[in-house]
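Note that the structure is predicted; figures quoted are calculated from it, not measured. In what follows, every chain begins at residue 1, and chains take the letters A, B, ... in the order their sequences are listed.
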There are 2 protein chains.
Amino acid sequence: MTIKPAKTMTLSDIARLAGVSESTASRALRDNPVINAQTRQKVQQIAADHQFKVNATARSLRTQKSHTIAVIILFDAKTQQAITDPFLLDILGVIADELTRQGYDMLLSTSKTTDKDWRSYYFDSKRADGLIVIGQGEHDERVEQLSDAGVPFVVWGAATGTERFPVIGSDNRQGAQLAVTHLLAQGCKRIAFLGDIRHTEIEMRYLGYQDALQAAGIKPEAKLQLNTDFTAQAGYLQTQQALFNELATLDGIFAASDAIAMGAMKALLEHNIKVPQQLALVGFDDIAMSAYCTPSLTTVKQDTHAGGKLLVAQLLSRINGGKAASQLLPVKLIERQSSLRKH
Amino acid sequence: MTIKPAKTMTLSDIARLAGVSESTASRALRDNPVINAQTRQKVQQIAADHQFKVNATARSLRTQKSHTIAVIILFDAKTQQAITDPFLLDILGVIADELTRQGYDMLLSTSKTTDKDWRSYYFDSKRADGLIVIGQGEHDERVEQLSDAGVPFVVWGAATGTERFPVIGSDNRQGAQLAVTHLLAQGCKRIAFLGDIRHTEIEMRYLGYQDALQAAGIKPEAKLQLNTDFTAQAGYLQTQQALFNELATLDGIFAASDAIAMGAMKALLEHNIKVPQQLALVGFDDIAMSAYCTPSLTTVKQDTHAGGKLLVAQLLSRINGGKAASQLLPVKLIERQSSLRKH
DNA sequence: AAGCGTATTGCAATCGATTGCAATATAGCC
DNA sequence: GGCTATATTGCAATCGATTGCAATACGCTT
């Protein structure tokens, strides 16, 4: 039943079949009202009958628009591994859906492999009309360069207010403050911070951590900040280490991501440390699994849905000649078992 | 310091600057040995100096190759949500890396939004040279149609041996058999199966489950197969339900994915059912989190690395005129705490 | 009946790179 | 010195669609 076109049809084939010129056929297919309604109808019918699809490449060349956005996921240079954090998947899904809704295709790239120069690769070569960069990582110079080169792009990360390019991201500082204030309210006195502050977003969370402590009259101890990669494994190892060290007096942990928190929880439970009674734990992200570990994980929920939509909206606005502005998204503390000592 | 090109350079600009014709410039840039070595050098130098990048669109139009692969992630029609399963992220990452290594770009699409007709959209329109479809889902007709239309594509899913298209996937049946045999060896007598057998891959796992039971002389009970979506939430709810029902005599659960298993574990622990003593639990996938929940999750590890590489290799072979064959990847049982009753 | 406005369609250039084939130059050979 | 083989380079067509502008036809006004 399926029509198997012997060879791909081109616009000129359709034009010939319809008995009109290529220009008329082109306009008819785009429903240009300047073309007689009946002609339009006829051309569209013929195109549909033959499963004709406009050649996207030719169109792009002529119109100078690819209708494609490149999404670049940055990594740690050291953790040379593939995309791992569940949080990424969340926001990626939202971006994908939103781009599709807006009629754009999404070119996905992991910086690991494309570490050359994505401005040239994606933009100068006209592969994409704009870029979405996820994760500023450790102050990536390449991002800075983009802004100089007049490339339309937006970043998911930490808006510090000083960048020369639009950054959309959660209010990390506020989120961390909520989390740590909550821990303090639960009676914690000595709280460790697990996360790599060389990442701007994590740095912000660390600042929020300090804010909360200071507001409670507690002086942050530098040695309670433990650099930890974004993996459960790193959280596990780091926590084991911490317990082994003199940090045995800890009664709270704020982890910079849920994955880290889960690793930490594993280490705690293995050492028979009761969570939350002996040590309360809070994560960040609110990935799907957080509600289903035991004890379930208190965490700071990022609004990935709003974030993804905003990234796309700002970028397209920029592409269409408008401005794109940085924006800080509100976060929310989700209280679960890992930190709740009272009812 | 950054050179900001006033306007994008084209090949003809470079040719003019180098004092050669466009054809010579083109050949020189591609390092065609027919061009004098010095001329090549000179042209390449000039191109580099001006940060010239070949316009990918024009090249694609002329060469009739996009050097792009579309990756399509299928969903449940009902769970209309964005990509959720961590397993997907794993394999997606591998595919992304591998495609980049082979000089291909990756166009990502979630079927939710592109449910129209991806053959036309991606292939007929020349947006992509080939397709990778992840997750056959519930016998998707669209996949069948692809094979009729002569589109180069490969599928990640369950190779049943009867499809007319190449399918790469884990040996789901074997994996399930390993898992359930293991549960039986741990002394389980009545094992539930959590998973939606309308998905071909899950159906295979269910068959493996039955195989193992029968090999042990146990007659599978149909009511122990509980349809469950690929989420922790579904696993949680389904398990609660099962415990509430007459299934209280269960002493083992084989979940069709780790996410489901984690949801199930949560429900069990909430009901104070000791895992693995009272009830042993095994999942499938071996996502990163499986090792870090408590008790850690016994599971069947899929070789996503090999899978991703194979998908790409087979597809490119097919695109280059060769054949692409289905392949079944071996899996491995990873024994962890959730099922180990003996030492 | 001439003049003019409107609706519809087609011509031909254009987007930027690639490539078959022809043209030219140079060298080597007898 | 004439001739052929080889090394380089350029001409011009091509990929498929879009679009500014010109062309045509038709109807209506006065």
Donor/acceptor link under 3.5 angstrom from A:Ser23 side chain onto base of C:dC11 = yes

Roughly, in whole Å, what's the span from CZ in A:Arg62 to C1' in C:dA13?
-> 8 Å

Quick one: A:Lys65 NZ to D:dG16 C1', roughly how many Å, whole number?
-> 19 Å

Using whole Å, report how far NZ of B:Lys53 lies from P of C:dA17.
-> 13 Å

One should read off an interatomic distance between B:Leu315 CG and B:Ile69 CD1, to the nearest 0.5 angstrom, of 4.5 Å

Any B:Ser26 side-chain nitrogen or oxygen under 4.0 Å from OP1 or OP2 of C:dT18 = yes

Picking from C:dG16, D:dA17, C:dT18, which would you name as closest to the side chain of A:Glu22?
-> D:dA17

For A:Leu29 and D:dA17, give me the distance from atom CG to atom P, rounded to whole Å.
-> 9 Å

Could you grab the distance from atom CD of A:Gln45 to atom NE2 of A:His50, nearest 0.5 Å is fine?
-> 10.5 Å

By side chain to side chain donor-acceptor pair (under 3.5 Å) - contacts of B:Gln44 (at least two apart) | B:Asp31

Could you state the CZ-P distance from B:Arg127 to D:dA17, rounded to the nearest angstrom?
-> 12 Å

In this structure, OG of A:Ser21 is separated from CG of A:Leu11 (nearest 0.5 Å) by 9.0 Å

For C:dT18, take OP1 and OP2 only and decide whether either is under 4.0 Å from a side-chain N or O of B:Gln64.
-> no

Drop me the distance from B:Asn55's CG to A:Arg127's CZ, to the nearest 0.5 angstrom.
-> 9.0 Å

Can you find a heavy atom in the side chain of B:Asp105 that is under 4.5 Å from one in the side chain of B:Leu99?
-> no

For A:Asp13 and A:Thr10, indicate whether the former's side chain and the latter's backbone hold a donor-acceptor pair under 3.5 Å.
-> yes

Axis deviation across the helix from C:dA1-D:dT30 to C:dC30-D:dG1, five-pair ends, to the nearest 10° | 60°

Pick out the pairs of N or O atoms, protein on one side and nucleotides 6-9 of chain C on the other, that lie under 3.5 Å.
residue : atom : partner : partner atom : Å
C:dT8   : OP1  : A:Asn36 : ND2          : 3.4
C:dT9   : OP1  : A:Thr39 : OG1          : 2.9
C:dT9   : OP2  : A:Asn36 : N            : 3.0
C:dT9   : OP2  : A:Thr39 : OG1          : 3.4

Kindly point out which of D:dC15, C:dA17, D:dA17 is positioned nearest to the side chain of A:Arg59?
-> D:dA17

If you take all heavy atoms of A:Val94 and A:Gly308, which pair is closest and at what distance?
-> CG1-CA, 3.7 Å

Of the candidate nucleotides D:dA17, C:dT19, D:dC15, which contains the atom at the shortest distance from the side chain of B:Arg30?
-> C:dT19

Whole angstrom is fine here: how far is it from CG in A:Asp31 over to P in D:dT18?
-> 13 Å

Position toward the 5' end of DNA chain D (nearest nucleotide), A:Ser12 or B:Ala25 = B:Ala25

Here the distance between atom P of C:dT19 and atom CG of B:Asn32, to the nearest Å, is 9 Å

Donor-acceptor pair (no angle test) under 3.5 Å: A:Thr57 side chain, D:dC15 base = no

From OH (A:Tyr104) to NE2 (A:His67), nearest 0.5 Å = 4.5 Å

Using atom NZ of B:Lys42 as one end and atom P of D:dT8 as the other, report the distance to the nearest whole Å.
-> 16 Å

So, is the end of the A:Arg318 side chain (NZ or CZ) under 6.0 Å from the ring centre of A:Phe153 and within 45° of the ring's axis?
-> no

